[in-house]
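Presented below is the structure to which this report refers.
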Amino acid sequence: MAHPLRKQAAAERPPGSTPTLHYSATWDIDALRIAEARDAVQAFLLQAGLTGDRRVTQDAQLIVSELVTNTIRHAPGPSGLQLRLTPGDRTLSITVWDTSPELPRVQAPEPRRVGGHGLHLVNTLSDRLEAAPLDGGKRVTATLSLDR
């Protein structure tokens with residue numbers, strides 16, 4: 001049985017600066033529970049001392065939930081989640097990578113369509129949404145300002 005999550009948390013600190021916080025987890029596609037990814041975001045933000053703004057935490061959890069759901073639905077093989085918080089610019093970067101080479105497309109809202117609304121929601125909640133090809137897959141990054 002595959003290990004569901006392999007996690008790593010670290011802080012980088014150039015001399016004289018506030019540390020940048022990192023979190024990363026990788027999983028086999030059948031092992032991740034979306035709730036675990038949401039819990040990881042909440043714990044990460046708590047570790048960073050961001051307990052006062054519940055809206056930011058909820059938005060970040062929703063973004064992670066949608067991105068991880070897309071990974072589970074559309075990509076074979078292992079995937080990963082990376083969180084990065086730079087306190088100086090108060091920005092949370094949420095990155096999900098997977099093994100599908102197909103870049104996601106934000107679709108216009110269509111009330112009668114079943115599915116296909118998650119990335120539109122992520123795009124709406126994020127300050128920036130980017131997708132980039134990788135060798136053997138892709139990376140999708142949503143950036144969220146903590147000063148909303």
Side-chain angles (χ1 to χ4, degrees), residues 2 4-12 18 20-148:
L5 288 173
R6 291 178 291 283
K7 304 174 188 175
Q8 176 183 352
E12 285 180 2
T18 307
T20 297
L21 299 174
H22 295 271
Y23 170 89
S24 65
T26 57
W27 61 87
D28 293 326
I29 198 65
D30 61 346
L32 180 75
R33 302 291 180 261
I34 295 167
E36 291 175 35
R38 286 192 304 263
D39 291 346
V41 172
Q42 182 176 19
F44 181 78
L45 292 174
L46 285 172
Q47 176 189 356
L50 298 169
T51 57
D53 192 341
R54 186 174 167 158
R55 170 84 187 265
V56 169
T57 300
Q58 291 173 336
D59 287 353
Q61 287 178 306
L62 185 52
I63 289 168
V64 164
S65 181
E66 292 297 334
L67 292 178
V68 170
T69 296
N70 285 348
T71 294
I72 291 169
R73 286 188 179 163
H74 303 292
S79 302
L81 169 66
Q82 297 173 331
L83 305 173
R84 182 181 177 102
L85 177 63
T86 307
D89 65 10
R90 308 232 342 120
T91 301
L92 174 64
S93 174
I94 302 167
T95 300
V96 174
W97 60 265
D98 63 42
T99 56
S100 171
E102 186 175 333
L103 295 179
R105 294 176 296 123
V106 176
Q107 298 181 35
E110 174 54 55
R112 293 186 178 131
R113 182 181 63 235
V114 175
H117 301 280
L119 205 56
H120 175 74
L121 183 58
V122 169
N123 192 46
T124 300
L125 292 174
S126 303
D127 296 310
R128 186 173 59 242
L129 179 63
E130 301 173 336
L134 298 173
D135 286 340
K138 69 175 169 302
R139 174 183 64 232
V140 179
T141 301
T143 305
L144 180 65
S145 171
L146 302 178
D147 296 323
R148 300 177 74 100

Take W27 and V68 through the test side-chain contact (heavy atoms from CB on, under 4.5 Å) and record every step on the way to the result.
CA-CA 11 Å; W27 61 87; V68 170; 4.2 Å; yes
Exam field: side chain Q61 to backbone R38, donor-acceptor pair closer than 3.5 Å:
yes
Considering all heavy atoms, the nearest V140-P104 contact
CG2-CG, 3.8 Å
Where is the tightest heavy-atom contact between L144 and V56, given as atom of each residue plus distance?
CD2-O, 4.0 Å
Once you round to the nearest 0.5 Å, how far does OG1 of T91 lie from CZ of R128?
7.5 Å
Rounded to the nearest 0.5 Å, how far apart are OG1 of T69 and CG of L119?
11.5 Å
With rounding to the nearest 0.5 Å, note down the distance linking CG in L125 to CG in L62.
5.5 Å
Just wondering, are more than 12 heavy atoms of other shown residues or ligands nearer than 6.0 Å to CD in E130?
yes
Is any side-chain heavy atom of L85 closer than 4.5 Å to one of L146?
yes
Inter-residue atom distance R84.CZ - L92.CG, 0.5 Å rounding:
11.5 Å
Which residues pass the side chain to side chain donor-acceptor pair (under 3.5 Å) test with R139, sequence neighbours left out?
none
Determine the sole option in I34, I94, I72 for which the side-chain contact (heavy atoms from CB on, under 4.5 Å) test with L67 is passed.
I94
Should L81 and T71 be marked as a side-chain contact (heavy atoms from CB on, under 4.5 Å) after you check the CA-CA gap, both sets of side-chain angles, and the distance that decides it?
CA-CA 10 Å; L81 169 66; T71 294; over 6 Å; no
S65 OG to Q58 CD distance, which is reported to the nearest 0.5 Å
12.5 Å
Once side-chain contact (heavy atoms from CB on, under 4.5 Å) is applied, do any residues pair with A40, and if so which ones, sequence neighbours excluded?
Y23
Please give me the minimum heavy-atom distance between L103 and P133, naming the atom from each residue.
CD2-N, 3.9 Å
F44: which of D39, L83, V64 passes side-chain contact (heavy atoms from CB on, under 4.5 Å):
L83
Quick check: does any side chain N or O of D127 sit under 3.5 Å from a backbone N or O of S145, one acting as donor and the other as acceptor?
yes
Specify the closest pair of heavy atoms between V122 and E66, including all atoms of both residues, with the distance to one decimal.
CG2-CB, 3.5 Å
Measure the spacing between OG1 of T57 and CG of L46 and express it to the nearest 0.5 Å.
7.0 Å
